[in-house]
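In the text below, chain A, chain B and the rest are named by the order of the sequence lines, each starting its count at 1.
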Protein chains: 2
Amino acid sequence: MVAELGSPLPAAPSRRERARQATVDEIKATAVDLMREHATTDVRFTDIARVMGMTAPALYRYFDDRDELLSALIVDGFDSLGAAVGDAVRPLDEADLPARWSAASQAYRAWASAEPQMFALILGMPVPGYQAPEEGPTTEAAKAAMSQLSSLFVAAAQRGELRPPLIREVSVSVADCEKSKHDELCDVLPPESFQAMLQTWAMLHGFVSLEAYGHFDWMEPEARDELFRSHMRLAATASGLPVPPA
Amino acid sequence: MVAELGSPLPAAPSRRERARQATVDEIKATAVDLMREHATTDVRFTDIARVMGMTAPALYRYFDDRDELLSALIVDGFDSLGAAVGDAVRPLDEADLPARWSAASQAYRAWASAEPQMFALILGMPVPGYQAPEEGPTTEAAKAAMSQLSSLFVAAAQRGELRPPLIREVSVSVADCEKSKHDELCDVLPPESFQAMLQTWAMLHGFVSLEAYGHFDWMEPEARDELFRSHMRLAATASGLPVPPA
DNA sequence: GCGATACGTTATGCCTCATAACAAACACGA
DNA sequence: TCGTGTTTGTTATGAGGCATAACGTATCGC
């Protein structure tokens, strides 16, 4: 034993544990592939196992039942969405808030359009068997994903670039804000800006939902792109986020 | 035969036809009840039949398969949504466009919150087996429901009360408008207003989706109500619809 | 009333979820 | 190196849903 100092390492992953984790990952990846392929959130253990060259009951060694797999996919979905937005924003100049907002919203949109099933899974109708556990892992993941958006408002506020929103009447109080589990916002953001952030999310989500579910299919892609850009320009204008000078 | 003049009557509904129609209606109503009860769009023929005191195979006399029942429910859903909005707007003063917009959006929201499953069915992720037939009955129904919203824009335009929208850069052309199958709009509405209408729909839909699927549950109902009102005020302001003086 | 049609039943086949019982592979200490 | 217990896979089995088939029975129109 050379490494007496092994204690800081978080539970050295044994060979078996790594293999198990790889299988878990493969199951989830296969499930997502099948969802994409069949354009549905309905995924069959049978199919996953067949693609993986296994039999269905083997999957129960890794997930107690279909709902548990679904929960795991939801967590991953939030992570993936949050990561997509984060990756899009990170390389940009911290001072260029319009660019960051544009990139963030485009990433949200692109993720949803690329993976409409995952999008439906995490932000659409709650799945039958699955109910979000109070304070469970999915709640945490959701918070992390959403904070990618809220951090833009915080940054704008801290830089003094956050204008008051178009709609001033405050209907969401500080108490409401705290219930949203994003405590860090409530101190920094004036209530009317927190409210504007929710409205911005609603605007973004509305467009992205309609598009991801095919309700804008009648439009040419270029027109959709332009419509989205103008929609986000409107969102920024209305919420007090900095907008590009042009 | 007293009624020789029967010909204008549209195919006198025979006793049998009425009974059949009643059964069809009961099946659909039972399906909707079960969807509501189980909070899912997944409905079992077995359950429907059990509730109705029948056996499952009997339902196949009325619907070829589950998808056909689903399609029928989708058509009904659009009709119901359109009717809900229409009923809310109809009694109001035709000149009071702010009130009509407020009532229409509230009706849209109330319908979705009362029947989140139906809402998901018609405007959420397309259901696995079901694909919207080109020019099929669901398309027509969808058009009718959406025209409840667009008619507000038309009315405003015809009364000369439609302001130019906040966002002027036109990204949706007349050609795009015509592809939306709402031909009557494209002559009356300037392109920027058609674009604004789409954005208004996206705003409305975004809020309503998030709320219907429980993502605003952390807010008090009163705060949600107020947030919605301010969101719709913003939508009207941004799109050029008349807003209440206050 | 009688023939045709519509409606509902039971019986059946196939598929999926899920569990049980069993077999092979592996890890690890004596 | 070998043996023992754990992990991971298999096949076998049962419950339940979709869908069809085959078969009575009620109802409608003439």
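Phosphate proximity of D:dA19 to B:Arg66: absent, as no side-chain N or O sits under 4.0 Å from OP1 or OP2. Taking only side-chain nitrogens and oxygens, A:Thr46 never comes nearer than 4.0 Å to OP1 or OP2 of C:dC15. Proximity of A:Thr55 to the phosphate of D:dT10: a side-chain N or O atom is located under 4.0 Å from OP1 or OP2. For C:dC7, the OP1/OP2 oxygens have no side-chain nitrogen or oxygen of B:Thr23 closer than 4.0 Å.
Rounded to an integer number of Å, the gap from CZ of A:Arg44 to C1' of D:dC18 is 12 Å. Taking atom CG of B:Leu69 as the reference point, atom P of D:dA19 lies 10 Å away to the nearest angstrom. Residue B:Asp42 contributes atom CG, which lies 15 Å from atom P of C:dT16 at whole-angstrom precision. Atom CD1 in A:Ile48 sits about 12 Å away from atom P in C:dT16, given to the nearest Å. In this structure, B:His38 atom NE2 and D:dG17 atom P are separated by 11 Å, rounded to whole Å. Taking atom CD of A:Glu17 as the reference point, atom C1' of D:dT8 lies 15 Å away to the nearest angstrom. If you take CZ of B:Phe45 and P of C:dC15, they are 20 Å apart, rounded to a whole angstrom. When the P atom of C:dC17 is taken as reference, atom CZ of A:Arg50 falls 12 Å away, rounded to whole Å.
Under the 6.0 Å distance and 45° angle rule, A:Arg109 does not count as a cation-pi partner of A:Phe207. The cationic atom of A:Arg66 (NZ for Lys, CZ for Arg) does not lie both less than 6.0 Å from the six-membered ring centre of A:Phe45 and within 45° of the ring axis.
Residues from residues 58-65 of chain A that place a heavy atom under 4.0 Å from any atom of DNA chain D, listed by number: A:Ala58, A:Arg61, A:Tyr62.
Between B:Ala56 and A:Pro57, the residue whose closest nucleotide on DNA chain C is further toward the 5' end is B:Ala56.
The backbone N or O of B:Glu115 sits nowhere less than 3.5 Å from a side-chain atom of B:Arg36 that would complete a donor-acceptor pair. B:His38 contributes no side-chain N or O that, together with a main-chain N or O of B:Val43, makes up a donor-acceptor pair within less than 3.5 Å. In this structure, the side chain of A:Ser180 engages the main chain of A:Cys177 through a donor-acceptor pair within 3.5 Å. In this structure, the side chain of B:Thr23 engages the main chain of B:Ala19 through a donor-acceptor pair within 3.5 Å.
Ion pair A:Glu17/A:Arg20 not flagged as a salt bridge, since none of the NZ, NE, NH1 or NH2 atoms sits closer than 4.0 Å to an Asp/Glu carboxylate oxygen.
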### Query
For nucleotides 25-30 of chain C, read 5' to 3', which letter fits each nucleotide if B means a protein heavy atom sits under 4.0 Å from the base, S means only the sugar-phosphate is that close, and - means neither?
-BS---
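The aromatic rings of B:Phe119 and B:His205 sit tilted relative to each other, their planes meeting at an angle between 30° and 60°.
With sequence neighbours excluded, no residue forms a ring pair (Phe, Tyr, Trp, His ring centres under 6.0 Å) with A:Phe78.
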